[in-house]
Protein chains: 2
Amino acid sequence: MYTVKEAAQITGLTEHAVRFYTDKGLVPSVQRNENNIRIFDGESINWLHGVKCLKQSGMPIDVIKMYIDLCIEGDSTIPQRYTLMMEHKEAALAKLEEAKLHVAHLEEKTALYQAILEHRILDTTNPANWDRIQHMHGDVFYKASRRV
Amino acid sequence: MYTVKEAAQITGLTEHAVRFYTDKGLVPSVQRNENNIRIFDGESINWLHGVKCLKQSGMPIDVIKMYIDLCIEGDSTIPQRYTLMMEHKEAALAKLEEAKLHVAHLEEKTALYQAILEHRILDTTNPANWDRIQHMHGDVFYKASRRV
DNA sequence: TTAATACCTTCGTGTTACACGAAGGCAAGA
DNA sequence: TCTTGCCTTCGTGTAACACGAAGGTATTAA
């Protein structure tokens, strides 16, 4: 049996977030004692872990809520839960692909800067070169940006 | 020479966003005509593309602003820009790794559901099985969530 | 000439998922 | 008794706009 503070410590959430989640109905098993204090048991902690985890993977709160309501409804909702999870997985995959593009893109950008700084392209520290490379910054900024 | 509407069409941004960016100083080359209308030339469009692109890769507006201000300052700021971009790249890499974890995690979750639905684990459609698998939903929810 | 269209401005609200603080109250332990 | 820790509601702020309204200006077509 844990308090808000303990639940927060265990799950790595803030106390604010723990209260927020419980109040939103994302922790079905949470109880209140006679002093109206939230009491978390092992199951509540599991739910919190689960919420955190779906949250981290980018699922919005209201969708998590839907999922949890389906869980509460029982095993008859397994097909719906499967569908929901599949859709979320597809979304996560799309994000992964995007993230790959971004990294590739930034790799290129930093490589360009590095080349400049290592004087493989131009000695930008030499004022004599400054007007030849006057618009370099624009190029560097622009070069990789057409792609995304 | 383009209007807000055209610039929005070309870059795939909304008119709101285009005005927002120009007003924030993220499009240095944008001008106003005698009627106070924003006039975008090719360079402005490039800046807009660049902003969109940094934006998409997760850079906050104020950091983009910093970067652009450095660009405007000229080539003497190339080292700072490099540092900034490297940091952003590291952040993007971290996000990529996270995204991989999330996908792996969701793969597992959906696989579990699939196994259930294909009756490889239990026939959940048969009411006779319902109390044996009463807490399955909790398990499914929880199983992969300890990890993240 | 008039009406429609497209641009401009500022203002204000809504969104998401909280963070953070304040005010005010209750209950248990030293 | 005092402190601590919990509770509540309220309100503000965040990021990056979306969206609409109100009110003004300028061009263009009928």
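A, B, ... follow the sequence lines: proteins, then strands. Residue 1 opens every chain. Below, each value reflects all heavy atoms present in this structure, side chains not excepted, and no hydrogens, waters or symmetry copies.
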Connecting only ILVMFWY residues whose side-chain heavy atoms lie within less than 4.5 Å of each other, what is the rest of I37(A)'s hydrophobic cluster? M1(A), I39(A)

Could you tell me which residues satisfy side-chain contact (heavy atoms from CB on, under 4.5 Å) with E73(B), sequence neighbours excluded, listed by chain and number? L70(B), T77(B)

Write out a two-atom table: protein N or O, nucleotide N or O from nucleotides 24-29 of chain C, distance below 3.5 Å.
none

Through direct or indirect side-chain contacts below 4.5 angstrom among Ile, Leu, Val, Met, Phe, Trp and Tyr, which residues connect to L96(A)? L93(A), V103(A), L93(B), L96(B), V103(B)

Do you see a donor-acceptor pair shorter than 3.5 Å between the side chains of R81(A) and Y67(A)? no

Residue pairs fulfilling side-chain hydrogen bond (donor to acceptor under 3.5 Å, both in side chains) with at least one residue in residues 1-16 of chain A, sequence neighbours excluded: none

In whole angstroms, the gap separating P of dG5(D) from CG of N33(A) amounts to 17 Å

With sequence neighbours excluded, residues passing salt bridge (charged side-chain N to carboxylate O under 4.0 Å, His left out) with E97(A): K100(A)

Tell me which nucleotide among dC7(C), dT9(C), dC6(D) gets nearest to the side chain of V4(A). dC6(D)

For atom OH of Y2(B) and atom C1' of dA6(C), their distance in whole Å: 19 Å

Does E107(A) have any salt bridge (charged side-chain N to carboxylate O under 4.0 Å, His left out) partners at least two apart in sequence or in another chain, and if so, which? K89(B)

Using the side-chain contact (heavy atoms from CB on, under 4.5 Å) criterion, which residues pair with P28(A)? Sequence neighbours excluded. W47(A), I68(A), I72(A)

Gap between atoms CZ and C1', on F40(A) and dC6(D) respectively (whole Å): 12 Å

At a cut-off of 3.5 Å, list every protein nitrogen or oxygen paired with a nitrogen or oxygen from nucleotides 15-19 of chain C, distance to 0.1 Å.
from, atom 1, to, atom 2, distance (Å)
dA17(C), OP1, I61(A), N, 3.0
dA17(C), OP2, I61(A), N, 3.4
dC18(C), OP1, Y21(A), OH, 3.3
dC18(C), OP2, Y21(A), OH, 2.6
dA19(C), OP2, T14(A), OG1, 2.6

Quick note, salt bridge (charged side-chain N to carboxylate O under 4.0 Å, His left out) partners involving residues 54-68 of chain A, not counting sequence neighbours, are K65(A)-D69(A)

If I take atom CZ in residue R19(A) and atom P in nucleotide dG5(D), what distance separates them, rounded to the nearest angstrom? 13 Å

Just to confirm, is there a sub-4.0 Å distance from OP1 or OP2 of dC8(C) to any side-chain nitrogen or oxygen of R38(B)? yes

Expressed as a whole number of angstroms, how long is the span from N36(B):CG to dC8(C):P? 8 Å

Can you check nucleotides 10-12 of chain C for protein contacts, nitrogen or oxygen pairs under 3.5 Å, and list what you find?
none

For T110(B), all residues meeting side chain to side chain donor-acceptor pair (under 3.5 Å), sequence neighbours excluded: none

In the structure I gave you, are the side-chain heavy atoms of L112(B) and M85(A) within less than 4.5 Å of one another anywhere? no

